Amino acid sequence: MTDLKPQSWLSTDLAAAWLLAAAALLLQMATNGRYGYFRDELYYLALSHHLDWGYVDLAPMAPFALFISRSLFGESLHALRLLPALALATEILITGLIARELGGRRFAIFVGCLAVFVSPVMLGNATRFSMNPFEPLFWMGAIYFVLAAINRNRPDLLVWSGLLLGLGLENKHSTAFFLIGLTFALLVTKQRRWFRSKWLWIAAAVIVLLCIPNLIWQYRHDFATWVDLSNVKRIHKNVELPPLPFVKQQIMMLLPVNVIVWMAGLGFLLFHSEGKRYRVLAATYGAFLALMMYLHGKDYYLAPIYPMLFAAGGVFWEKLISSHSGLRWIKVALPVVLVILGAVASPIVLPILPPDRLGPYLQRLGIGVTRTETHMTSDLPQHFADEFGWPEMVAQVAAVYNAMPPGERARAGILAGNYGSAGAIDFFGPQYGLPKSISAHQNYYYWGFRQYTGETLIMLNWELDDAQYWCQNVEEGPKIDEPYTMGWEHYTILICHGLKRPMAEAWPHFKTWN
């Protein structure tokens with residue numbers, strides 16, 4: 001097995017991994033500025049101006065990373081999305097390293113890395129800034145050091161896994177479920193002997209230490225994230241799939257033909273004479289899959305775990321071909337099929353087509369517009385729909401704001417019903433002279449109502465009946481009706497004249513965590 005020295009990353013057997021990583025980076029940077037800013041990106045930009053050790057709906061790392069990124073590169077779309085593109089490239093490299101640890105050589109590394117490259121969910125996660133493109137780096141980095149510990153009989157390397165998993169928890173809380181799956185896998189495989197090693201417990205201590213800042217924040221904020229997740233579960237916000245449709249979605253989001261790679265990888269880890277040594281990976285996947293199905297998690301929550309199965313699948317095919325000379329044609333056919341079908345699927349997740357051609361293209365593929373949330377309505381998939389309409393909305397709000405008499409305008413606040421609209425006002429508003437928005441949605445709630453008393457409020461994403469309940473008088477403004485946006489972004493701007501209660505009293509009632 002290769003060593004862990006930096007120069008081993010530059011060995012010739014990883015050449016395909018480096019080339020595919022570079023190609024993925026170039027593809028992302030060539031396409032990721034074609035539409036607009038994503039809803040969550042506008043929220044992350046706002047969060048990056050309010051750095052903290054935790055937030056209602058996410059861990060602290062992503063806003064901090066974005067703070068560094070925009071300080072260095074600015075806030076253009078390409079600058080904002082550079083880190084996600086680099087994360088995809090690094091994910092491909094780590095897949096190559098895992099394949100090599102599993103006993104693979106050049107073809108195995110090539111197939112495993114190519115499978116990641118053409119996987120729609122991997123490509124899609126890297127097109128915009130969020131926690132998601134960074135998640136595989138922590139999970140698969142930890143798996144790499146688990147494999148290195150097995151191959152070299154060096155449990156001290158588990159400390160690096162602990163470091164990565166601890167950082168992973170500070171990136172996204174769902175890492176806790178991966179950690180549960182990995183712990184279960186260690187207990188039911190030969191690696192249970194590590195529980196007698198001090199290094200495993202040192203790794204566990206590192207994870208706990210890295211989590212302490214966020215745990216303190218959660219305690220001081222009455223475990224806000226748990227409250228938020230409980231609300232999501234209670235209102236059935238997300239589409240909840242039974243086991244078989246859930247597995248079908250795994251196949252679809254990874255590219256259907258890719259099933260012959262990752263399923264082969266799972267079989268290699270479970271049954272192959274050489275792969276059984278690494279059954280801890282298969283057990284981790286099985287436990288995590290079962291946990292997500294039981295909890296009705298979103299299908300893409302499993303995406304960060306698949307690079308290790310792609311790597312194992314590459315090893316399986318390499319060993320099968322080397323032992324059966326009549327199967328050498330697969331060395332050409334498999335990559336060609338992956339590339340062709342990956343190219344066909346890429347417009348589903350990359351902004352390649354004009355938006356008016358995307359719907360018909362999806363129909364021709366026979367998949368239509370998929371939903372991950374129960375109330376989602378749009379002509380485009382949500383990951384594209386949420387990139388449209390924000391500058392136009394802000395321009396209309398500015399027209400309403402600037403039409404007010406100067407005295408009223410000076411006291412007018414902009415109350416947004418969700419963090420997307422609030423983030424759009426904060427990002428695009430300064431060019432129109434708009435003040436910072438206020439919102440009671442997610443972490444905006446903690447930033448309060450600023451200096452506004454409720455004398456005049458421009459209300460976004462509000463229903464007329466709700467506004468009339470809270471306001472003494474409600475004036476209807478222009479309608480926001482931009483094409484391609486989500487259904488809930490089609491609404492009438494309302495102007496509230498005089499809250500019936502003081503703002504400080506009304507604010508807790510406006511709180512929306514979902």
Side-chain angles (χ1 to χ4, degrees), residues 21-22 24-26 28-91 93 125-138 141 163-164 166-173 175 210-214 216-217 351 386-387 390-391 394 416 419-439 441-448 450:
L25 175 62
L26 291 173
Q28 288 290 342
M29 297 308 294
T31 60
N32 64 15
R34 295 200 64 199
Y35 291 171
Y37 290 85
F38 186 67
R39 172 193 303 273
D40 289 8
E41 288 177 321
L42 297 169
Y43 181 45
Y44 283 115
L45 283 164
L47 293 173
S48 73
H49 290 275
H50 297 82
L51 296 182
D52 206 342
W53 286 110
Y55 303 94
V56 170
D57 46 351
L58 65 151
M61 183 179 291
F64 179 73
L66 185 52
F67 170 80
I68 299 296
S69 174
R70 64 179 179 80
S71 299
L72 293 174
F73 308 117
E75 298 176 340
S76 70
L77 276 175
H78 285 306
L80 183 65
R81 294 168 176 176
L82 174 61
L83 289 185
L86 287 170
L88 176 61
T90 307
E91 180 182 355
L93 286 174
N125 281 343
T127 59
R128 59 194 65 88
F129 187 93
S130 72
M131 302 170 285
N132 296 333
F134 308 109
E135 201 170 21
L137 308 186
F138 300 110
L163 176 65
L164 288 166
L167 292 173
L169 286 165
E170 294 300 281
N171 173 67
K172 192 172 181 181
H173 294 124
T175 298
L210 288 171
C211 290
I212 284 176
N214 185 241
I216 292 173
W217 186 94
D386 272 338
E387 294 186 348
W390 302 116
V394 175
Y419 64 57
S421 297
I425 295 294
D426 289 351
F427 185 73
F428 296 108
Q431 64 184 296
Y432 300 102
L434 294 180
K436 291 289 186 180
S437 65
I438 59 174
S439 178
H441 188 218
Q442 304 302 75
N443 220 76
Y444 266 95
Y445 173 77
Y446 282 133
W447 304 335
R450 305 186 192 275

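Side chains included, hydrogens not; waters and symmetry mates left out as well; all remaining heavy atoms used. What you see is a predicted model, and the numbers here were worked out from it, not measured in a lab.
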Asker: Nearest 0.5 Å, what's the CG-OG1 distance between Leu25 and Thr90?
Answerer: 9.0 Å
Asker: Which atoms form the tightest heavy-atom contact between Tyr444 and Ala46, and what is the distance?
Answerer: OH-CB, 3.3 Å
Asker: Using a 4.5 Å cut-off on heavy atoms from C-beta on, say whether the side chain of Phe64 contacts that of Glu170.
Answerer: no
Asker: So, Ser439 side chain and Ala416 main chain: donor-acceptor pair closer than 3.5 Å or not?
Answerer: yes
Asker: Using atom types as modelled and distance alone, determine if a side-chain donor or acceptor of Glu135 lies under 3.5 Å from a backbone N or O of Asn132.
Answerer: no
Asker: Step through it carefully: locate the ring centre of Phe134, locate the ring centre of Phe129, and say whether they are under 6.0 Å apart.
Answerer: yes
Asker: Yes or no on side chain to side chain donor-acceptor pair (under 3.5 Å) for Tyr419 and Asp57, after CA distance, side-chain angles and deciding distance?
Answerer: CA-CA 11 Å; Tyr419 64 57; Asp57 46 351; 5.1 Å; no
Asker: Taking all non-hydrogen atoms of both residues into account, name the closest pair between Leu83 and Ala65 and its distance.
Answerer: CD1-O, 4.0 Å
Asker: Supply the atom-to-atom distance Asp40 CG to Ser130 OG, rounded to the nearest 0.5 angstrom.
Answerer: 7.5 Å
Asker: Supply the atom-to-atom distance Arg81 CZ to Leu86 CG, rounded to the nearest 0.5 angstrom.
Answerer: 14.5 Å
Asker: Checking Thr175 side chain against Gly168 main chain: does a donor-acceptor pair fall under 3.5 Å?
Answerer: yes
Asker: Any side-chain to backbone donor/acceptor pair from Asn443 onto Val56? Under 3.5 Å, distance only.
Answerer: yes
Asker: Nearest 0.5 Å, what's the NZ-CZ distance between Lys436 and Phe427?
Answerer: 10.0 Å
Asker: Are Asp52 and Tyr446 close enough that a side-chain donor and a side-chain acceptor fall under 3.5 Å?
Answerer: no
Asker: Output the distance between atom CG (Leu137) and atom CG (Leu167), rounded to the nearest 0.5 Å.
Answerer: 11.0 Å
Asker: Please walk me through it: do Asn32 and Leu77 pass side chain to side chain contact (heavy atoms under 4.5 Å, CB included)?
Answerer: CA-CA 7 Å; Asn32 64 15; Leu77 276 175; 5.7 Å; no
Asker: Minimum heavy-atom separation for Met61 and Phe138, please, with both atom names.
Answerer: SD-CZ, 3.6 Å
Asker: Are more than 12 heavy atoms, taken from residues, nucleotides or ligands other than Trp53, located less than 6.0 Å from that residue's CH2 atom?
Answerer: no
Asker: Do the side chains of Leu434 and Ile425 get nearer than 4.5 Å, heavy atoms only?
Answerer: yes
Asker: Cys211 and Leu169: which non-hydrogen atoms are nearest, and at how many Å?
Answerer: SG-CD1, 3.2 Å
Asker: Check whether any side-chain heavy atom of Thr127 lies under 4.5 Å from a side-chain heavy atom of Tyr35, and answer yes or no.
Answerer: no
Asker: Considering all heavy atoms of both residues, which atom of Val394 and which atom of Ala424 are nearest to each other, and what is their separation?
Answerer: CG2-O, 3.5 Å
Asker: Closest approach of Pro84 and Pro133, non-hydrogen atoms and distance?
Answerer: CB-CG, 3.8 Å
Asker: Taking side chain as C-beta onward, heavy atoms only, is Leu45 less than 4.5 Å from Leu80?
Answerer: yes
Asker: If you measure from CZ on Arg128 to OH on Tyr37, what distance do you get to the nearest 0.5 Å?
Answerer: 14.5 Å
Asker: Between the main-chain N or O of Ser437 and the side-chain N or O of Asp426, is there a donor-acceptor pair closer than 3.5 Å?
Answerer: yes
Asker: Flag the pair Trp390 / Arg39 as yes when at least one side-chain heavy-atom distance between them is below 4.5 Å, and no otherwise.
Answerer: yes
Asker: Can you tell me if Asn214 and His173 form a side-chain donor-acceptor pair at under 3.5 Å?
Answerer: yes
